[in-house]
Amino acid sequence: MKNLKFLLVGILFGIVLTKSEAISWYRIYEMFKFQAFHMYGIIGSAVGISMVFMLLFKRGIIKDYLGNQIHIKEKKKGFIRTLVGGIIFGLGWSLAGACPAPIFTLIGNGFLGIIVVLLGAIIGAFIYGLLSKKLPN
Amino acid sequence: MDFILAPWPWYFSGPLIALILFLFFYYGKNFGISTNLETMCTMAGAGKVSDYFKKDWKERDWALVMIIGLIIGGFIASNFLSASKTINLNTDTIEDLTNLGFENVGTTYMPNELFSLENIVTFKGFSILLIAGFLIGFGTRYAGGCTSGHAITGLSSLQVPSLVAVIGFFIGGLIMTWILFPLIF
C-alpha cells in the first residue's frame with residue numbers, strides 16, 4: 001500500500017503532538033498569556049531546524065525519495081487575506097485550544113467534544129469556499 | 001523508558017516536528033494540515049454547490065491516510081506512552097484560569113469547562129466549540145494555511161505571506177485570550 005508511509009508519518013506526528021502537550025488547550029492559553037516558553041520553544045526549534053532542511057531542498061542537496069528535486073509551494077500572495085484570515089484563525093485557535101492537526105490527534109486521545117470543533121471547521125472551510133471569489137485578497 | 005513516559009520537553013519535540021516536515025517533503029508532499037478540511041468538503045459533495053470544491057479528492061488520499069495516523073498516534077500516546085496527563089503549568093496561568101472560573105486547571109489536557117460531555121450538550125457549550133471550529137476552518141483557508149503550513153513550513157522557507165499570517169494568528173489569539181475570554185467565561 002503506497003500510502004502506508006503517510007500513515008506512519010501521521011502516527012509519529014500524533015504521538016509527538018500528544019507527548020509534547022502541544023495539543024493541550026492549557027498550553028495554548030499559556031502561550032498567548034506569555035507565561036511559559038514551552039510552545040515558543042517547540043515552534044521556534046521546529047522552524048529553526050526546518051530552515052536548514054529547506055535550504056538543502058532548495059539547493060538540491062537533499063532530493064525526494066525518487067531522486068527528484070523537492071519543490072516548496074509558494075504561499076498565496078495577498079496582504080488582506082493572510083492578515084485577516086490569520087486573525088480569524090487565531091481567534092479560533094485560542095478559543096478551541098487546538099489547530100487543525102491537534103483536532104484530529106485529540107479525537108484519538110478520547111476528547112470527543114473536539115468533534116464539534118471539527119464539524120465547525122469543516123463548515124468554516126465550506127463557507128470560505130462559497131465566498132472565496134467575493135472576499136478581498 | 002521514563003523519558004518516553006514523561007512529557008517531552010520542547011527541545012525534543014520541536015526537532016521531531018522538523019523531522020516530520022522533512023518526511024513530508026522527502027515523500028514528495030508539502031507539510032500542511034488545513035487543506036484537508038477542504039478535501040472533506042469535497043468528499044461530502046460540496047462540488048455540487050460550488051466549483052471551488054470540484055476537485056478530485058482521490059489525489060489527496062495520502063493526506064486522509066495521514067489524518068487517520070494522527071488519530072491513531074493520539075490514541076497510542078494517550079494509552080500506552082503516558083504515565084501522567086497532568087500539565088505542569090505556570091502558577092500564574094493556574095491562578096488566571098481559576099479567576100475565570102475554571103476548576104482542576106491542568107489535571108487533564110483539555111478543560112472540562114469546554115470539552116466535557118455535560119458541557120457540549122448545553123447550547124452555550126456546543127455553540128462555543130462550533131464557533132471556534134468555524135473560525136479555524138474559515139480563517140485557515142482564507143489565510144492559506146495553519147500552524148503547520150504557515151508558521152512552520154512558510155516561516156522556515158522565508159515566505160513573507162507566512163510572516164503576515166503568523167502575526168495575524170497572534171493578533172487573533174491575543175484578542176481572544178486577553179479581551180474576549182473574560183466576557184465568554
Side-chain angles (χ1 to χ4, degrees), chain A residues 3 6-7 9-11 13-16 18-20 24-26 30 32 35-36 41-42 45-47 49-51 53-54 64 70 72-73 75-76 82-83 85-92 94-96 99-101 104-105 107-109 111 113 116-117 120-122 124-126 128-130, chain B residues 8 10 13-14 16-18 20-23 25 28 30 33-34 37 41 52 62 65-66 69-75 77-78 87 90 92-93 109-110 115 120 129-130 132-144 146-147 155-157 159 161 164-165 168-169 171-173 176-177:
Chain A
N3 285 328
F6 294 110
L7 184 72
V9 172
I11 291 175
F13 195 16
I15 291 175
V16 175
T18 304
K19 291 301 304 177
S20 65
S24 169
W25 185 93
Y26 295 108
E30 194 183 47
F32 284 123
Q35 288 166 334
I42 293 176
S45 61
V47 170
I49 296 168
S50 298
M51 263 181 204
F53 287 142
M54 293 297 189
D64 73 9
I70 292 172
I72 300 143
K73 249 188 240 160
K75 288 286 174 190
K76 286 182 195 160
T82 23
L83 186 67
I87 293 172
I88 295 171
F89 168 65
L91 291 166
S94 49
L95 181 56
C99 48
F104 297 104
T105 298
I107 296 173
N109 272 267
F111 293 100
V116 181
V117 178
I122 295 171
F126 176 65
Y128 169 73
L130 293 184
Chain B
W8 294 355
W10 65 264
S13 311
L16 279 174
I17 290 176
I20 290 158
L21 169 137
F22 173 85
L23 291 170
F25 282 98
N30 274 253
I33 305 297
S34 61
L37 298 171
C41 291
Y52 184 84
W62 66 272
V65 172
M66 192 268 311
L70 276 173
I71 300 173
I72 298 172
F75 182 83
S78 164
I87 311 268
N90 186 328
D92 292 341
T93 309
Y109 274 23
M110 308 304 272
F115 290 92
I120 61 170
L129 294 183
L130 195 70
F134 184 90
L135 295 168
I136 292 170
F138 189 93
T140 57
R141 294 333 302 150
Y142 194 17
C146 60
T147 328
L155 287 186
S156 68
S157 54
Q159 301 200 47
V164 175
F169 297 173
I171 295 173
M176 180 58 73
T177 309

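A, B, ... follow the sequence lines: proteins, then strands. Residue 1 opens every chain.
Two residues are said to be in side-chain contact when any heavy atoms from C-beta on lie closer than 4.5 Å; A:Phe89 and B:Ile136 meet this criterion.
Smallest separation of non-hydrogen atoms from A:Thr18 and B:Ser78: CG2-N, 4.4 Å. Nearest heavy-atom pair, B:Thr177 versus A:Ser94, reported as atom, atom and distance to 0.1 Å: OG1-CB, 3.8 Å. Contact detail for A:Gln35 and B:Asp92: the closest heavy-atom pair is NE2-CB, 3.6 Å. Looking at every heavy atom in both residues, A:Gly113 comes nearest to B:Leu129 through O-CD1, 3.6 Å. Annotation for A:Pro100 and B:Ser34: closest pair CG-CB, 3.9 Å, computed over non-hydrogen atoms. Nearest heavy atom pair, residue B:Ala18 against residue A:Ala46, reads CB-O, 3.7 Å.
Within the 4.5 angstrom heavy-atom criterion, only side-chain atoms of B:Leu21, from C-beta onward, approach chain A. Proximity to chain B (any heavy atom under 4.5 Å) is shown, for A:Phe104, by both the backbone and the side chain. Contact annotation for B:Asn30: only side-chain heavy atoms (C-beta onward) come within less than 4.5 Å of a heavy atom of chain A. Only the side chain of A:Met54 comes within contact range of chain B, with at least one heavy atom under 4.5 Å from a heavy atom of that chain.
Under the side chain to side chain contact (heavy atoms under 4.5 Å, CB included) test applied with A:Phe13, the options B:Leu16, B:Ile33, B:Leu23 reduce to a single match, B:Ile33.
For A:Lys76, the NZ atom sits in a packed shell: over 12 heavy atoms of surrounding residues, nucleotides or ligands are nearer than 6.0 Å. A 6.0 Å sphere centred on CZ of A:Phe32 holds more than 12 heavy atoms belonging to other residues, nucleotides or ligands.
Chosen from B:Ala165, B:Gly168, B:Ala77, the residue pairing most often with chain A at heavy-atom distances under 4.5 Å is B:Gly168. Among the candidates B:Ile171, B:Ile120, B:Thr147, the residue making the largest number of heavy-atom pairs closer than 4.5 Å to chain A is B:Thr147. Residue with the most contacts toward chain B among A:Ile107, A:Ile49, A:Asn109, A:Leu130: A:Asn109 (heavy-atom pairs, distance under 4.5 Å). Counting heavy-atom pairs under 4.5 Å between each of A:Leu91, A:Asp64, A:Val16 and chain B puts A:Leu91 at the top. By number of non-hydrogen pairs under 4.5 angstrom with chain B, the leading residue of A:Ala121, A:Ser20, A:Ala36 is A:Ala121. Heavy-atom pairs under 4.5 Å with chain A were tallied for B:Arg141, B:Met110, B:Gln159; the largest tally goes to B:Met110. With chain B as the partner, the residue from A:Gly85, A:Ala96, A:Cys99 showing the most heavy-atom pairs under 4.5 Å is A:Gly85. Counting heavy-atom pairs under 4.5 Å between each of A:Ile122, A:Val9, A:Ile15 and chain B puts A:Ile15 at the top.
In this structure, the separation between CD1 on B:Ile17 and OG on A:Ser45 is 7.5 Å, given to the nearest 0.5 Å. Atom OH of B:Tyr142 and atom CD1 of A:Ile87 lie 10.5 Å apart (nearest 0.5 Å). Between the CZ atom in B:Phe134 and the CD1 atom in A:Ile88 there is a gap of 8.5 Å [rounded to 0.5 Å]. Distance check: B:Ile71 CD1 to A:Ile11 CD1 gives 11.0 Å after rounding to the nearest 0.5 Å. A:Glu30 contributes atom CD, which lies 4.5 Å from atom OG1 of B:Thr93 (distance to the nearest 0.5 angstrom).
A centroid separation of less than 6.0 Å is found between the aromatic rings of A:Phe53 and B:Phe22.
Panel note: side chain B:Tyr52, backbone A:Tyr128; no donor-acceptor pair is recorded below 3.5 Å. In this structure, A:Asn3 contributes its side chain and B:Val65 its backbone to no donor-acceptor pair below 3.5 Å. The closest donor-acceptor contact from the side chain of A:Lys75 to the backbone of B:Gly144 lies under 3.5 Å. Of the possible polar contacts, none joining the B:Ser156 side chain to the A:Val47 backbone as a donor-acceptor pair under 3.5 Å is found.
Classified by interplanar angle (parallel below 30°, tilted 30° to 60°, perpendicular above 60°), the ring pair A:Phe6/B:Trp62 is tilted.
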